[in-house]
Amino acid sequence: MSICEGIMQVLEEQSRVQHYQRIRTVWLEVGPLAMVETDALRFCFEAVTRNTLADQARLEIIERPGEAWCLQCAQTVPIHNRYDACTQCGSYQLQVTQGDELRIKELEVE
């Protein structure tokens, strides 16, 4: 719920800056390392946006894959959890490069 409340605060701030009155669609990028349950996010988004400028807005979730840079074999490798091992060499010296996102990518407004 608090994630959606934070999203709503950003939407309200941007409506004041960019002078739009209504939000029709919100595109969110969500990675597997953000530890967000997308079904719960959709449910909470609908509850939080009720009777606001985003009432009835469509929520589109863009799921991004997890990736990390392996310091041992110097390759980008896919990961599904933060402490996964490198799929190439088994090393745990990985630096996450993608997959921990939770951000508003785009809005459709009126």
Side-chain angles (χ1 to χ4, degrees):
M1 187 67 81
S2 63
I3 291 172
C4 289
E5 289 171 345
I7 291 168
M8 196 60 225
Q9 285 178 345
V10 171
L11 299 177
E12 288 172 346
E13 289 171 13
Q14 288 303 306
S15 76
R16 285 190 288 275
V17 172
Q18 299 184 31
H19 308 290
Y20 54 79
Q21 303 298 313
R22 185 169 178 254
I23 299 171
R24 297 177 59 122
T25 309
V26 177
W27 283 270
L28 285 182
E29 281 187 335
V30 180
L33 307 178
M35 307 302 290
V36 174
E37 176 59 45
T38 56
D39 289 337
L41 188 65
R42 288 180 194 282
F43 176 80
C44 292
F45 182 81
E46 185 177 325
V48 167
T49 58
R50 196 168 295 135
N51 298 323
T52 68
L53 68 141
D55 195 9
Q56 304 291 318
R58 195 174 70 218
L59 177 62
E60 296 288 336
I61 295 178
I62 304 164
E63 295 189 31
R64 305 272 304 190
E67 289 183 353
W69 177 255
C70 178
L71 299 175
Q72 292 297 312
C73 63
Q75 293 185 37
T76 299
V77 295
I79 58 172
H80 302 288
N81 297 298
R82 188 162 295 278
Y83 300 108
D84 280 355
C86 175
T87 56
Q88 301 296 314
C89 70
S91 170
Y92 286 94
Q93 293 183 324
L94 300 178
Q95 184 172 13
V96 174
T97 56
Q98 178 178 292
D100 56 354
E101 304 90 350
L102 176 57
R103 64 178 164 228
I104 300 168
K105 179 172 175 55
E106 191 174 336
L107 298 174
E108 179 183 13
V109 299
E110 293 177 355

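Tracing side-chain contacts under 4.5 Å through hydrophobic residues (I, L, V, M, F, W, Y), one reaches Val10 starting from Leu102; they form part of the same cluster. Residues Ile3 and Phe43 do not share a hydrophobic cluster, defined by chaining ILVMFWY side chains whose heavy atoms lie under 4.5 Å apart. Two different hydrophobic clusters hold Ile62 and Leu41 under the rule that ILVMFWY side chains link at heavy-atom gaps under 4.5 Å. When the side chains of ILVMFWY residues are joined at heavy-atom separations under 4.5 Å, either directly or via intervening members, Val109 and Leu28 end up in a single hydrophobic cluster.
Contact of the Cys70 side chain with the Cys89 side chain is registered, since non-hydrogen atoms from C-beta on lie closer than 4.5 Å. Here the side chains of Val96 and Arg82 are in contact, with some heavy-atom distance below 4.5 Å.
Atom CD of Glu67 sits about 12.0 Å away from atom CD of Gln75, to the nearest 0.5 Å. The NZ atom of Lys105 sits 13.0 Å away from atom CD of Glu60, with the distance rounded to the nearest 0.5 Å.
Closest of all the heavy-atom pairs between Val77 and Cys86 is CG1-SG, 3.8 Å. Summarising the geometry of Ala34 relative to Glu101, their closest heavy-atom pair is CB-O, 3.5 Å, with the distance given to 0.1 Å. Residue Ile23 comes nearest to Ala57 through the heavy atom pair O-CB, 3.4 Å, listed as atom of the first residue, atom of the second, then distance. Of all the heavy atoms in Ser15 and Leu53, the pair that sits closest is CB-CD1, 3.6 Å. Nearest approach of Leu11 to Tyr20, heavy atoms of both residues: O-OH, 3.1 Å. Heavy-atom minimum distance, Pro65 versus Pro32: C-CD, 4.1 Å.
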Practice item. Walk me through it: do Phe45 and Arg50 pass the test side-chain contact (heavy atoms from CB on, under 4.5 Å)? Key: CA-CA 9 Å; Phe45 182 81; Arg50 196 168 295 135; over 6 Å; no
Review point. Stepwise, does the side-chain contact (heavy atoms from CB on, under 4.5 Å) test hold for Val26 with Met8?
Key: CA-CA 11 Å; Val26 177; Met8 196 60 225; over 6 Å; no
**Study point:** Stepwise side-chain contact (heavy atoms from CB on, under 4.5 Å) test for Ile79 and Leu33
**Key:** CA-CA 9 Å; Ile79 58 172; Leu33 307 178; 3.7 Å; yes
Check your understanding: Going through the checks in order, is the side-chain contact (heavy atoms from CB on, under 4.5 Å) test met by Trp69 and Leu94?
Key -> CA-CA 6 Å; Trp69 177 255; Leu94 300 178; over 6 Å; no
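Within the 3.5 Å criterion, the main-chain N or O of Ile61 finds no donor-acceptor partner in the side chain of Glu29. For Asp55 (side chain) and Thr52 (main-chain N/O), no donor-acceptor pair under 3.5 Å exists by modelled atom type. Proximity of a side-chain donor or acceptor of Arg24 to a complementary backbone N or O of Arg58 within less than 3.5 Å is not detected.
Remark: Gln21 CD is loosely packed, at most 12 non-hydrogen atoms of other residues, nucleotides or ligands lying under 6.0 Å away. The number of heavy-atom neighbours closer than 6.0 Å to CD of Glu110, taken from other residues, nucleotides and ligands shown, is above 12. More than 12 heavy atoms of other residues, nucleotides or ligands sit less than 6.0 Å from atom CD of Gln98.
Side-chain atoms of Glu108 and Thr25 include a donor-acceptor pair closer than 3.5 Å. Under the 3.5 Å distance criterion, with hydrogens and angles disregarded, a donor-acceptor pair is assigned to the side chains of Gln72 and Gln93.
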